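The model shown is predicted, which means the values in this text are computed figures rather than measured ones. These values consider heavy atoms only, across backbone and side chains, with no hydrogens, waters or symmetry-generated copies. Every chain is numbered from 1 and lettered A, B, ... according to where its sequence line falls, protein lines coming before strand lines.
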There are 2 protein chains.
Amino acid sequence: MDTINESESLAKYAKALSHPTRLAILKHLENQSCCCTGDLIELFPLAQSTISQHLKELKNAGLIQGELNPPKIKYCINQTHWQQAQVLFLQFFS
Amino acid sequence: MDTINESESLAKYAKALSHPTRLAILKHLENQSCCCTGDLIELFPLAQSTISQHLKELKNAGLIQGELNPPKIKYCINQTHWQQAQVLFLQFFS
DNA sequence: ATTAACTATCGTAAATTTACGATGGGTAGA
DNA sequence: TCTACCCATCGTAAATTTACGATAGTTAAT
């Protein structure tokens with residue numbers, strides 16, 4: 001990956017991490033390994049649609065992935081992109 | 001620092017890093033150790049006021065500091081907060 | 001005192017983000 | 001098929017972000 005794309009990727013990951021609720025969701029996923037939207041609704045004083053929106057942004061950034069687990073949807077960390085983000089932040093602060 | 005403040009601090013730092021221009025400014029400061037606004041204006045295809053605005057956000061986030069070096073203003077990385085950010089990101093991805 | 005150089009701030013417009021309620025879509029079981 | 005449950009998406013409003021040009025402020029030298 002060239003420098004420009006690295007910079008854009010890093011900015012994209014940073015943006016995903018730039019909201020406390022999204023940080024909390026990710027931290028929860030780190031502990032629980034996975035969870036569904038309903039679990040998060042009980043954790044945060046936010047509307048269901050708002051949680052869903054944050055999940056969508058995390059998914060768009062590539063940091064999480066969701067799979068069907070009827071009638072629920074199971075979200076977990078996308079290890080590939082997670083590790084890529086880790087490397088990029090590490091490099092940046094090196 | 002308790003968990004809540006750590007989360008807010010991390011979100012604040014992530015927000016500062018969430019724009020490619022600000023990432024580039026920081027990377028430039030890492031290489032040059034310091035620079036002034038004018039140097040950056042030549043590096044980016046952006047208006048002077050826009051650069052100044054990005055510098056202000058980086059300063060508000062605590063990642064850089066500026067000192068008078070008349071007739072210029074010399075910006076450099078705020079090592080204390082920089083290292084704190086580094087630790088917080090490291091912890092987060094641990 | 002004036003001027004020149006450098007940079008912050010103001011005012012503003014367009015785009016994006018964040019939040020909500022309401023609606024819609026999909027699946028499992030009755 | 002119908003219902004209940006879970007969740008995404010739509011529509012929307014308020015707040016924030018990003019960009020610009022224009023203006024104001026600060027310092028050094030004339």
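- For residues 85-94 of chain B, the set of pairs meeting the side-chain hydrogen bond (donor to acceptor under 3.5 Å, both in side chains) definition, not counting sequence neighbours, is empty.
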>> Within the 4.0 Å limit for protein heavy atoms, which parts of nucleotides 22-30 of chain D are touched? Write it as a string from 5' to 3', B for base, S for sugar-phosphate only, - for none.
In response: B----SS--

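- At whole-Å resolution of the value, CD in A:E67 and P in C:dT27 are 15 Å apart.
- Rounded to whole Å, atom P of D:dC7 lies 7 Å from atom CD1 of A:I73.
- Of the possible donor and acceptor atoms, one in the side chain of A:D39 sits under 3.5 Å from a partner among the backbone N and O of A:C36.
- Taking the six-membered ring for Trp and the full ring otherwise, the centers of B:F89 and A:F93 sit less than 6.0 Å from each other.
- Under a 3.5 Å cut-off, the side chain of B:S18 and the backbone N or O of B:K15 do form a donor-acceptor pair.
- In this structure a side-chain-to-backbone donor-acceptor pair under 3.5 Å is missing from A:S52 to A:Q48.
- Regarding contacts with the backbone of C:dA8, a side-chain N or O of B:T37 is found under 4.0 angstrom from either OP1 or OP2.
- The separation between B:Y75 atom OH and C:dC6 atom P is 15 Å, rounded to whole Å.
- Between the CG atom of A:L40 and the P atom of D:dC6 there is a distance of 14 Å, rounded to whole Å.
- Connection of A:L55 to A:L43 is established within a shared hydrophobic cluster, with ILVMFWY side chains joined at heavy-atom distances below 4.5 Å, either directly or through further cluster members.
- For B:L58 and C:dT7, the CG to C1' distance is 16 Å, given to the nearest whole Å.
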Throw together a table of side-chain donor-acceptor distances under 3.5 angstrom for residues 64-83 of chain B, partners on residues two or more places apart or in other chains.
from: B:N78; atom 1: OD1; to: B:T80; atom 2: N; distance (Å): 3.1
from: B:N78; atom 1: OD1; to: B:H81; atom 2: N; distance (Å): 3.1
from: B:H81; atom 1: ND1; to: B:G62; atom 2: O; distance (Å): 3.1

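- What separates CD1 of B:I41 from C1' of C:dA5 is a distance of 12 Å, to the nearest Å.
- Not counting sequence neighbours, the partners of A:E57 by the side-chain contact (heavy atoms from CB on, under 4.5 Å) test are A:R22.
- Atom-to-atom, CG of A:D39 to P of D:dC7 comes out at 8 Å; the value is rounded to the nearest Å.
- Evaluation of the side-chain contact (heavy atoms from CB on, under 4.5 Å) rule for A:T50 yields A:L46, A:A47, A:H54 as partners, not counting sequence neighbours.
- Look at CG on A:N69: it is 18 Å from P on C:dG26, rounded to the nearest Å.
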> Can you give one letter per nucleotide of nucleotides 12-19 of chain D, 5' to 3': B if a protein heavy atom sits under 4.0 Å from the base, S if only from the sugar-phosphate, - if neither?
Replying inline: ----SSBB

